[in-house]
Enquirer: 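The structure is given below, and queries will be raised subsequently.
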Amino acid sequence: MAQKPSIPKGTRDFSPTEMVRRNYIFDTIKSVFQLYGYLPIETPAMENLSTLLGKYGEEGDKLLFKILNSGDYISKVPNPKIQNPKTSEITSFISEKGLRFDLTVPFARYVVQHRNDITFPFKRYQIQPVWRSDRPQKGRYREFFQCDVDVIGSKSLLNEVELIQIINDVFSRLSINCTIKINNRKVLAGIVEYIGEIEKFTSITVAIDKLDKIGIDNVKQELSLVGVSEKAIRQLSSILDFEGDMNENVVYLGKFFESVEIGKEGINEVKKVLSYLDGLNLSSKVEFDLTLARGLNYYTGAIIEVVASDVQIGSICGGGRYDDLTGIFGLPDVSGVGVSFGADRIYDVMLEKNLFPEGAQETTQVMFVNFGEKEQKYCLPFTHQLRSSGINAELFPEPAKLKKQMNYANNKNIPFVVLVGDNEMKGNYLTVKNMNSGEQKQMSLEEIISQF
RNA sequence: GUGGAUGUAGCUCAGUAGGUUAGAGCACUAGAUUGUGGUUCUAGGGGUCGCCGGUUCAAAUCCGGUCUUCCACCCCA
């Protein structure tokens, strides 16, 4: 033990208690996905850099983990570049693979590659880890799991509505209070067009995304810093200033868009989604939030984000519609929409709010104490019979001190311990100890089985 | 990528005007109790004080660097 072993920055081990809880999250998410008719797929941890680069904006490219080529990779670098190395120039020579950054882009790649085997609209879900070389902090890891659901090959807004229902179902099953925020990139595009700053679309949306965090004055300051004109800023703030309920806000915005085609389209989409939702009586709050932007560049229509109530951890689920993600891979005009659940953040929220059910801890239901060679042989068939009846059972593998065996059962939360020694074997009964009450009873195996 | 804080036993943490052999609780092992755990008592094992270097007769303690974790920014699940 000269050096203590460790794991890379921003990664974590998951011990049994944590895994039981994580599986609880994955299982409920999975069962909701299946309830709506989605099917699972998996894609490799690494993708070619060419499929990853340029899909997440400049910031995203920086956060990609790149994998060094195998073999003598340095010999492939042209000589002049080695003499005077610049990271940006030599990476393309020494790395051609990277760890996936999300599940949506690999999915688009998958769809293009398997287009002839897929029946559209294609509804799939995918639960796998992704990697980002971000600086870790609360709720932010370098390796984390995403749970994606997407429908691809359908422009219908029913898909947006369905995804919102799925979000609602998942979080209500997990007992998490949350707000589902929706917006539409076309609305944002409309605003930017209305104020005459089309070419600054990205910086403007990024700025207004921060509105509730840094306030209107700081947003204005940031906008003028990136070169948005004073007049445009004034127009923008009059749009953002509006206070009213969701429906009033939609009507108010509509007025600005009388001559802005894309904005009108966006507003109509929002209206339609909201009207469908009206009849569904969801338990979660759904909000139209003009300041919701989302950083990923490939979104073109609806955008969705979910924040947990009373826990400050960023969004626990997010997504949107992408009209042409498959286009970059050579299959144009296939629109898709999807959301991604952040399992690790959901875990953190549930831990903080104490939402994990108690019983999720239980593994072994009955343990046989091991008193020695003779007893082992005598007990083994009993464990087998219990398992055949669907009861989790184990026989302690060593004839260890009783104290150690009881301690093991106690730490593992095993509710029943069976003691079988000379007396029991002679009398043909089993001594069963209830580990919660401490009480002991003589029973037959059938009686034990009938207890469960 | 920028700024700030942090790091002592498996875990949570004490320990500075630099000075013998670095402590506690929990956990672990053994015994009190040779067939009874979760309560109690006793004893024991376990640390090159994150790592590297510097100052000093002497460094867990002071200085520099580096890494980790945490927090804010950027961005995001």
Side-chain angles (χ1 to χ4, degrees), chain A residues 1-12 15 25 29 56-63 87 100-104 127-148 167 202-203 205-207 209-210 213-214 218 222 292-297 299 304-308 312-320 338-349 367 369-372 375 396 399-425 431-440:
Chain A
M1 283 250 287
Q3 228 164 326
K4 282 184 191 169
S6 64
I7 53 175
K9 185 203 284 222
T11 64
R12 296 155 302 156
S15 297
I25 294 174
I29 288 176
Y56 308 104
E58 213 180 310
E59 202 62 34
D61 284 357
K62 276 192 232 157
L63 299 179
T87 314
R100 65 167 167 253
F101 184 87
D102 71 358
L103 300 177
T104 307
I127 298 179
Q128 288 189 279
V130 303
W131 294 269
R132 296 183 189 178
S133 169
D134 212 346
R135 191 173 283 203
Q137 52 177 282
K138 186 181 167 86
R140 179 179 299 195
Y141 310 97
R142 285 184 152 187
E143 178 185 60
F144 60 98
F145 274 72
Q146 288 191 331
C147 312
D148 271 35
I167 292 171
T202 306
S203 2
T205 52
V206 166
D209 190 37
K210 296 179 203 160
K213 209 167 164 187
I214 63 176
N218 290 319
E222 186 165 328
L292 176 62
R294 296 192 60 78
L296 295 179
N297 279 341
Y299 293 122
I304 303 169
E305 191 164 289
V306 183
V307 291
Q312 285 239 316
I313 198 161
S315 61
I316 52 178
C317 176
V339 294
S340 176
F341 291 80
D344 304 80
R345 285 189 178 175
I346 292 172
Y347 180 95
D348 290 347
V349 169
M367 186 192 91
V369 164
N370 186 332
F371 283 121
E375 291 86 347
F396 198 84
K401 290 228 159 67
L402 194 54
K403 178 170 175 155
K404 186 178 165 70
Q405 300 192 43
M406 295 302 275
N407 220 331
Y408 173 87
N410 198 48
N411 287 338
K412 221 173 151 180
N413 246 321
I414 298 173
F416 295 100
V417 167
V418 180
L419 300 110
V420 180
D422 279 337
N423 298 339
E424 284 82 358
M425 290 196 290
T431 297
V432 180
K433 177 165 179 132
N434 180 321
M435 291 296 278
N436 290 320
S437 64
E439 104 189 273
Q440 247 166 254

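Protein chains get the first letters and strands the later ones, always in sequence-line order, with residue 1 at the start of each.
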Enquirer: Specify the separation, in whole Å, of atom OH of A:Tyr56 and atom C1' of B:rC74.
Expert: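 Atom OH in A:Tyr56 sits about 19 Å away from atom C1' in B:rC74.
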Enquirer: Between B:rU20 and B:rA5, how far apart are the C1' atoms? Round to whole Å, please.
Expert: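 Each nucleotide's C1' atom is 34 Å from the other's.
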Enquirer: 5'-most contact on RNA chain B: A:Pro136 or A:Ser315, nearest heavy atom basis?
Expert: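 Final value for this comparison: A:Pro136.
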Enquirer: Distance check needed: B:rC76 C1' versus A:Asp61 CG, whole Å only.
Expert: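 After rounding, the gap between these two atoms is 15 Å.
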Enquirer: Between A:Asp348 and A:Gly139, what is the shortest heavy-atom contact and its length?
Expert: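 Here A:Asp348 and A:Gly139 meet closest at OD2-CA, 4.0 Å.
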Enquirer: If you measure only the distance, is there a donor-acceptor pair under 3.5 Å linking the side chains of A:Thr431 and A:Gln440?
Expert: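 No, A:Gln440 and A:Thr431 have no side-chain donor paired with an acceptor closer than 3.5 Å.
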Enquirer: Rounded to whole angstrom, note down the C1' distance from B:rC70 over to B:rG7.
Expert: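 After rounding to an integer number of Å, I get 11 Å for this pair.
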Enquirer: So if I define the base as every atom that isn't primed, P, OP1 or OP2, how would nucleotides 33-40 of chain B read as a B/S/- string at a heavy-atom cutoff under 4.0 Å?
Expert: --BBBB--
Enquirer: Grab the CG-C1' distance between A:Asn218 and B:rC74 for me, whole Å please.
Expert: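 The distance from CG of A:Asn218 to C1' of B:rC74 comes to 15 Å, rounded to the nearest Å.
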Enquirer: Got a second to check how far A:Ser315's OG is from A:Arg345's CZ, nearest 0.5 Å?
Expert: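 One gets 5.5 Å once the value is rounded to the nearest 0.5 Å.
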Enquirer: Contact class for A:Gln146 (heavy atom, under 4.0 Å): base, sugar-phosphate, or nothing?
Expert: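 Answer is sugar-phosphate: A:Gln146 comes under 4.0 Å of backbone atoms only.
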Enquirer: At under 4.0 Å between heavy atoms, what does A:Gly10 touch on the DNA or RNA strands: base, sugar-phosphate, or nothing?
Expert: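 It contacts sugar-phosphate atoms only.
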Enquirer: Atom OH of A:Tyr141 and atom P of B:rC70: how far apart are they, to the nearest Å?
Expert: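 In whole Å, B:rC70 P lies 7 Å from A:Tyr141 OH.
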Enquirer: If you measure from the P atom in B:rU56 to the same atom in B:rC63, how many Å do you get, rounded?
Expert: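 The same atom, P, in both gives a distance of 16 Å.
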Enquirer: Taking only the side-chain heavy atoms of A:Lys9 (C-beta and beyond), determine which of B:rU69, B:rC71, B:rC75 contains the nearest atom.
Expert: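 My answer, after comparing the listed nucleotides, is B:rU69.
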Enquirer: Rounded to the nearest 0.5 Å, how far does CD of A:Glu305 lie from CD1 of A:Ile167?
Expert: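 Nearest 0.5 Å value for the CD1-CD distance: 10.5 Å.
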Enquirer: Without decimals, in angstroms, what is the distance between A:Asp134 CG and B:rC71 C1'?
Expert: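 Distance, rounded to whole Å: 14 Å.
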Enquirer: Please measure how far the C1' atom in B:rG25 lies from the corresponding atom in B:rA9, and state the result in whole Å.
Expert: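 Their C1' atoms lie roughly 12 Å apart.
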Enquirer: Can you give me the closest heavy-atom contact between A:Met406 and A:Lys433, atom names plus distance?
Expert: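 Closest pair (atom of A:Met406, atom of A:Lys433, distance): CE-CD, 3.7 Å.
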Enquirer: Assign each of A:Pro8 and A:Glu59 to its nearest nucleotide of RNA chain B by heavy atoms, then name whichever residue's nucleotide is nearer the 5' end.
Expert: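 Result of the comparison: A:Pro8.
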Enquirer: Using a 3.5 Å limit on both pairing distances, list the dot-bracket string of RNA chain B from the 5' end; Watson-Crick and G-U wobble pairs count, crossing pairs take [ ], interstrand pairs take |.
Expert: (((((.(..((((.....[...)))).(((((.......))))).....(((((..]....)))))).)))))....
Enquirer: Less than 3.5 Å between a donor and an acceptor, one on the side chain of A:Arg135 and one on the base of B:rU69, is that the case here?
Expert: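 Flag unset: no donor-acceptor pair detected.
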Enquirer: Which value, rounded to the nearest 0.5 Å, describes the distance between A:Asp134 atom CG and A:Phe144 atom CZ?
Expert: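 If I round to the nearest 0.5 Å, the distance is 8.5 Å.
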Enquirer: Stacking here means centres under 5.5 Å and planes under 30°; does A:Phe144 stack on B:rA77?
Expert: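 One would call A:Phe144 stacked on the B:rA77 base.
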Enquirer: Are the side chains of A:Trp131 and A:Thr11 in touch, meaning some heavy atoms are under 4.5 Å apart?
Expert: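 In short, these two side chains do not touch, never coming nearer than 4.5 Å.
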Enquirer: Expressed in whole Å, how much space separates the P atoms belonging to B:rU8 and B:rG50?
Expert: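 These two P atoms come out 6 Å apart once rounded.
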Enquirer: Taking only the P atom of each, what is the distance from B:rU61 to B:rU40 in whole angstrom?
Expert: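 Per the computed distance, 37 Å lies between those P atoms.
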Enquirer: Taking only side-chain N and O atoms of A:Lys62, does any of them lie within less than 4.0 angstrom of OP1 or OP2 on B:rC74?
Expert: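 No, no such contact exists.
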Enquirer: Considering only the P atoms, how many Å lie between B:rG1 and B:rC62, rounded to the nearest integer?
Expert: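 Per the computed distance, 28 Å lies between those P atoms.
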Enquirer: Would you classify A:Cys147 as touching base, sugar-phosphate or nothing, given that sugar-phosphate means primed atoms plus P, OP1 and OP2, and contacts are heavy atoms under 4.0 Å?
Expert: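 No contact.
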Enquirer: So, do A:Phe371 and A:Leu402 sit near enough that their side-chain heavy atoms are less than 4.5 Å apart?
Expert: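 Side-chain contact under 4.5 Å: yes.
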Enquirer: By side chain to side chain donor-acceptor pair (under 3.5 Å), which residues pair with A:Lys62, not counting sequence neighbours?
Expert: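 For A:Lys62, no residue satisfies side chain to side chain donor-acceptor pair (under 3.5 Å) once neighbours in sequence are set aside.
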Enquirer: If you take atom types as modelled and just measure distance, does the side chain of A:Arg345 reach the base of B:rC76 with a donor-acceptor pair under 3.5 Å?
Expert: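 When only heavy-atom distances are counted, A:Arg345 does reach the base of B:rC76 through a donor-acceptor pair under 3.5 Å.
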Enquirer: Rounded to whole Å, how long is the line connecting atom CZ of A:Arg142 with atom P of B:rC76?
Expert: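 So the CZ-P distance, A:Arg142 to B:rC76, works out to 17 Å.
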Enquirer: So A:Tyr56 and A:Phe101, would you call those rings parallel, tilted or perpendicular, with 30° and 60° as cut-offs?
Expert: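 Ring orientation, 0 to 90° scale: tilted.
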Enquirer: Please report the distance, rounded to the nearest Å, between CD1 in A:Ile167 and C1' in B:rA77.
Expert: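 Whole-Å distance recorded here is 13 Å.
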Enquirer: Evaluate the side-chain proximity of A:Met367 to A:Lys412: yes if any heavy-atom separation is below 4.5 Å, no if none is.
Expert: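 The answer is no, as the side chains (C-beta and beyond) never meet within the 4.5 Å cut-off.
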Enquirer: Give a yes/no on whether any side-chain N or O of A:Lys401 is located under 4.0 angstrom from OP1 or OP2 of B:rG31.
Expert: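 Answer is yes, contact under 4.0 Å.
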Enquirer: If you round to the nearest 0.5 Å, how far is CD of A:Gln146 from CG of A:Asp344?
Expert: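 A:Asp344 atom CG to A:Gln146 atom CD measures 9.5 Å (nearest 0.5 Å).
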Enquirer: Using atom C1' of each nucleotide, how far apart are B:rC49 and B:rA22 to the nearest Å?
Expert: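 Straight-line distance between the two C1' atoms is 8 Å.
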Enquirer: Counting distance alone, no hydrogens or angles: does the base of B:rC76 have a donor or acceptor under 3.5 Å from a partner atom on the side chain of A:Arg132?
Expert: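 Between B:rC76 and A:Arg132, which were checked side chain against base, a qualifying N/O pair under 3.5 Å is absent.
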Enquirer: Once you round it to whole Å, what is the distance between C1' of B:rU69 and CG of A:Asp348?
Expert: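 Roughly 15 Å, once rounded to whole Å.
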